[in-house]
Number of protein chains: 2
Amino acid sequence: MSGTHTHVPSVLAADLPMPVPASEHEACPVTDVLRRVGDKWTVLVIVLLGQRRHRFNELHRAVDGISQRMLTRTLRTLEQDGLVEREVHPTTPPSVEYGLTRLGATLLQPLSALADWAVTHHDEISAARGRAGGS
Amino acid sequence: MSGTHTHVPSVLAADLPMPVPASEHEACPVTDVLRRVGDKWTVLVIVLLGQRRHRFNELHRAVDGISQRMLTRTLRTLEQDGLVEREVHPTTPPSVEYGLTRLGATLLQPLSALADWAVTHHDEISAARGRAGGS
DNA sequence: CCGAATCCAGCGTGATACTG
DNA sequence: CAGTATCACGCTGGATTCGG
């Protein structure tokens, strides 16, 4: 640490090309991941699967409000990205279990950092929004 | 640490109500922040402002590809959330400087954690997507 | 120089109904 | 139980134009 100055050792602190090319921003892994976890259900599903493996309808009930369609889409995307694994048991009726992959589990930590920041500073943001004149 | 098991001390590790109420998910500070940083330009602007203060057109040139409209919108939102401060110099022509607030600066660290994760595991995600059969 | 206003295309999201 | 298919809608994001 270097005292009061907020210096962050990170890829974000690296020198950026000027101007930042549009192509580079589009293909940026950081942007890619952020947009992914920024969608409506992904993080909640990851967190639930981070606690234990879940069956499809188990998730469906746990996430109250999500449609079958969105749950399926969310899981498919996560599976394609290698964050979630899908295990099918050929029973009748069929049962499918979802769980985090090792890669998916590693996402929990940085995600937690951001989540904790959000919770910690939630009131400051609310206050700022209040001053800004709206909800 | 508890060995091989991936345990994360965080709000994300807390017990979730079952089912997670839709209302709670909508109003969740974590969801709120994630969706914010998940939009197209926010993070890039935050990073640039984290390096130094910028004038409007300076940002506009630095972020090559962003429209005036989106830059304005992004900055306004960040300002309303108390992450960015706007300073107007009543010159002719007018000049406006933007910079991170103290709150905004604190966001850099958790954001960096996620960014570093993205960069570190980018190839694994690409590989998984390749196996999944698409771009 | 720094915006606001308007218009418009695309995508994320959801409701509903249907299937193996 | 675990999905798929179809349709519809709102919101994000972009192009363009106008104003102080």
Side-chain angles (χ1 to χ4, degrees), chain A residues 22-23 25-26 28 31-45 48-49 53-81 84-99 132-135, chain B residues 22-23 25-26 28 31-45 48-49 53-81 84-99 134-135:
Chain A
S23 56
H25 179 241
E26 299 289 340
C28 176
T31 300
D32 189 65
V33 169
L34 285 173
R35 291 188 76 97
R36 198 71 90 193
V37 300
D39 69 1
K40 193 164 185 179
W41 306 104
T42 292
V43 169
L44 187 48
V45 168
L48 286 170
L49 294 181
R53 299 169 65 80
H54 283 71
R55 294 185 47 178
F56 183 86
N57 271 358
E58 209 172 4
L59 283 172
H60 195 197
R61 284 187 297 270
V63 181
D64 178 68
I66 194 172
S67 62
Q68 277 196 344
R69 169 185 160 84
M70 285 314 297
L71 179 54
T72 300
R73 278 176 58 94
T74 301
L75 288 168
R76 285 285 177 277
T77 301
L78 287 171
E79 189 189 1
Q80 287 169 15
D81 286 358
V84 160
E85 62 183 356
R86 179 172 180 266
E87 185 181 3
V88 181
H89 304 282
T91 59
T92 52
S95 84
V96 181
E97 271 198 349
Y98 291 92
S135 140
Chain B
S23 56
H25 180 240
E26 299 289 339
C28 176
T31 300
D32 189 66
V33 168
L34 285 173
R35 292 189 74 96
R36 197 71 87 194
V37 300
D39 69 2
K40 192 165 186 179
W41 306 106
T42 293
V43 169
L44 186 49
V45 168
L48 287 170
L49 294 182
R53 299 170 64 82
H54 283 72
R55 294 187 45 181
F56 183 86
N57 271 358
E58 210 173 3
L59 284 172
H60 196 197
R61 283 186 299 270
V63 181
D64 179 67
I66 195 173
S67 62
Q68 277 196 342
R69 168 186 160 83
M70 287 314 296
L71 180 53
T72 301
R73 276 174 57 96
T74 301
L75 289 168
R76 284 288 177 278
T77 301
L78 287 171
E79 189 190 1
Q80 287 168 14
D81 286 357
V84 160
E85 62 183 355
R86 180 172 179 265
E87 185 181 4
V88 181
H89 303 281
T91 59
T92 52
S95 83
V96 181
E97 271 198 348
Y98 292 92
S135 145

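So you know, we letter chains A, B, ... as the sequences are listed, proteins then strands, and number each from 1. Any value given below was found using the heavy atoms of this structure, including those in side chains, with hydrogens, waters and symmetry copies removed. The structure displayed is predicted, hence computed values, not measured ones.
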| task | Could you check if a side-chain atom of A:Leu75 sits within less than 4.5 angstrom of a side-chain atom of A:Leu49, using non-hydrogen atoms only? | result |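 Yes. Closest side-chain heavy atoms under 4.5 Å.
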
Terminal axis angle for the helix from C:dC1-D:dG20 to C:dG20-D:dC1, five pairs an end, nearest 10 degrees |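 That helix gives 40° between its end axes.
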
Got a sec, which residues hit side chain to side chain contact (heavy atoms under 4.5 Å, CB included) with [X], two or more places apart in sequence or on another chain?
X: B:Arg86; result: B:Arg76, B:Glu79, B:Val88, B:Val96, B:Tyr98
X: A:Thr92; result: none
X: A:Ser23; result: A:Pro21

[X]: which residues meet the side-chain hydrogen bond (donor to acceptor under 3.5 Å, both in side chains) condition with it, sequence neighbours left out?
X: A:Glu58; value: A:Arg52
X: A:Asn57; value: none
X: B:Arg53; value: B:Glu85, B:Glu87, B:Glu97

Q.
Tell me the interatomic distance from B:Leu59, atom CG, to C:dC1, atom P, rounded to whole angstroms.
A.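 Value for this atom pair: 13 Å.
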
Whole-Å distance, B:His54 NE2 to C:dC2 C1', equals 17 Å

Chain B reaches DNA chain D, atoms under 4.0 Å from its heavy atoms, from D:dG13 to D:dG20

**OP:** With sequence neighbours excluded, tell me which residues meet salt bridge (Lys or Arg N to Asp or Glu O under 4.0 Å) with A:Asp64.
**Re:**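 If we apply the salt bridge (Lys or Arg N to Asp or Glu O under 4.0 Å) test to A:Asp64, skipping adjacent residues, there are no hits.
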
* Partner residues of B:His54 under the ring pair (Phe, Tyr, Trp, His ring centres under 6.0 Å) criterion, sequence neighbours left out ->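 If we apply the ring pair (Phe, Tyr, Trp, His ring centres under 6.0 Å) test to B:His54, skipping adjacent residues, there are no hits.
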
Residues 33-45 of chain B vs salt bridge (Lys or Arg N to Asp or Glu O under 4.0 Å), sequence neighbours excluded, gives A:Glu26-B:Lys40, B:Arg36-B:Asp81

A correct 5'-to-3' footprint of nucleotides 13-20 of chain C, with B, S and - meaning base, sugar-phosphate only and no protein heavy atom under 4.0 Å, is BBB----B

Between B:Thr72 and B:Asn57, whichever has its closest DNA chain C nucleotide further toward 5' is B:Asn57

